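Predicted, not measured: the structure shown is a model, and the values here were computed from it.
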Amino acid sequence: MSDADAAWVIIPARGGSKGIPRKNLAQVGGDPLVVRAIRAAGDASLVAKVIVSTDDSEIADIAQAHGGDVVKRPADLSGDTASSESALEHAVEVLAQRSGAYPSVIALLQCTAPFTTSTDIDGTLQPVIEGKADSAFAAAPFKHFVWESDNGGQAIGINHDGGPRTRRQDLEAQYLEAGSVYAMRYEAFRAAGYRFCGRTVMCEVPALHCFEIDTPEELSRAQALAHLHDDRMVITERNE
């Protein structure tokens, strides 16, 4: 696939974080989260550029050292209320001015999802690159009984009627948004202003890959699980 057909992957990685200070530089499996994201995107066959959008000089230096194109994000797009979409729009404009061309397809890659693989990225990009969808996102299937509480505090079944219990394995599969990879046809994204634009499809990923880090407890869990994920990836690569 030529660079003209491949996608630009943008990794938002600002320096500020209230829940976990310097979260995007936290180590999981021996590498900072931003490095894990750059490596996964760089190994994907449908990716032409790996771009890190950051307001932080240390993150910028580390990203460049590991092969990422760095876009310095302005302060007004780096606060707690700034959207990922604003970072995408800014990064594409900056890179388009540098390269003289806009991408056909872009992807948002969250480095706070540490177990994302190049296969996940390629799988999410493929339907958009092939013109089968305007946007796509990674999602993991699950079969669990989901409940909510009504205004009176009574439990209400969401994906079941709350009556006689069926076997969990007999439930229809539902999907949990992985929070890791989002692919978009750039023109559709620019017109809509948000990631779920036009015809949207899901790319199924393994349950272990559906892991987001927002709290110190989740970071500790990711660090404990990293050897299971990373060792399995090494074994898979050796067998290919």
At what distance, to the nearest 0.5 angstrom, does [atom1] of [X] lie from [atom2] of [Y]?
| X | Y | atom1 | atom2 | value |
| --- | --- | --- | --- | --- |
| Ser53 | Arg14 | OG | CZ | 11.0 Å |
| Ile11 | Leu33 | CD1 | CG | 11.0 Å |
| Asn24 | Gln110 | CG | CD | 9.0 Å |
| Phe189 | Leu88 | CZ | CG | 4.5 Å |
| Leu208 | Leu228 | CG | CG | 7.5 Å |
| Thr54 | Asp61 | OG1 | CG | 10.0 Å |

Would you name the heavy atoms of [X] and [Y] that are closest together and state the gap between them?
| X | Y | result |
| --- | --- | --- |
| Ala44 | Asp122 | CB-OD1, 3.4 Å |
| Ser99 | Trp8 | OG-CH2, 3.8 Å |
| Asp150 | Gly152 | OD1-N, 2.9 Å |
| Gly42 | Val50 | N-CG2, 3.9 Å |
| Asp120 | Pro206 | OD1-CD, 4.1 Å |
| Arg195 | Ser135 | O-CB, 3.3 Å |

Taking C-beta and beyond as the side chain, do [X] and [Y] meet within less than 4.5 Å on heavy atoms?
| X | Y | result |
| --- | --- | --- |
| Val28 | Ile213 | yes |
| Ile20 | Thr215 | no |
| Leu46 | Ile129 | yes |
| Val71 | His90 | yes |
| Leu108 | Pro12 | yes |
| Leu25 | Ile59 | yes |
| Phe211 | His229 | no |
| Leu219 | Pro216 | no |

For [X], check salt bridge (Lys or Arg N to Asp or Glu O under 4.0 Å) against everything at least two apart and list the hits.
| X | value |
| --- | --- |
| Asp134 | Arg185 |
| Arg39 | Asp31 |
| Asp214 | Lys23 |
| Asp161 | none |

Indicate if Val105 and Val201 have the same hydrophobic cluster label, given that clusters are the connected sets of ILVMFWY residues with side-chain heavy-atom separations under 4.5 angstrom. no

Let me check something: do Leu95 and Val70 share a hydrophobic cluster, defined by ILVMFWY side-chain heavy atoms less than 4.5 Å apart, either directly or through other members? no

Do Glu177 and Tyr182 meet the criterion of a side-chain donor-acceptor pair at a distance under 3.5 Å? yes

Any side-chain donor paired with an acceptor under 3.5 Å for Glu93 and Tyr102? yes

Joining Ile, Leu, Val, Met, Phe, Trp and Tyr whenever any side-chain heavy atoms lie under 4.5 Å apart, the cluster holding Leu176 also takes in Phe142, Val146, Ile158

ILVMFWY cluster membership beyond Phe145 - transitive side-chain contacts under 4.5 angstrom: Trp147, Leu171

Stepwise ring-ring contact (aromatic ring centres under 6.0 Å, His included) test for His209 and Phe115: CA-CA 5 Å; His209 299 191; Phe115 303 135; 7.7 Å; no

Carefully, step by step, assess Gln174 and Asn159 under the rule side chain to side chain contact (heavy atoms under 4.5 Å, CB included). CA-CA 9 Å; Gln174 294 185 297; Asn159 62 343; 3.0 Å; yes

Quick check against the 3.5 Å criterion: does Glu148 have a side-chain atom that pairs as donor or acceptor with the backbone of Ala155? no

Under a 4.0 Å threshold between the charged nitrogen and the carboxylate oxygen, would [Y] count as salt-bridged to [X]?
| X | Y | answer |
| --- | --- | --- |
| Arg73 | Asp56 | no |
| Glu172 | Lys143 | no |
| Arg190 | Glu187 | yes |

Within a radius of less than 6.0 Å around CZ of Arg22, do more than 12 heavy atoms belonging to other residues, nucleotides or ligands occur? yes

Do Val205 and Val181 pass the side chain to side chain contact (heavy atoms under 4.5 Å, CB included) test, and can you show the C-alpha distance, the side-chain angles, and the key distance before you say yes or no? CA-CA 10 Å; Val205 300; Val181 193; over 6 Å; no

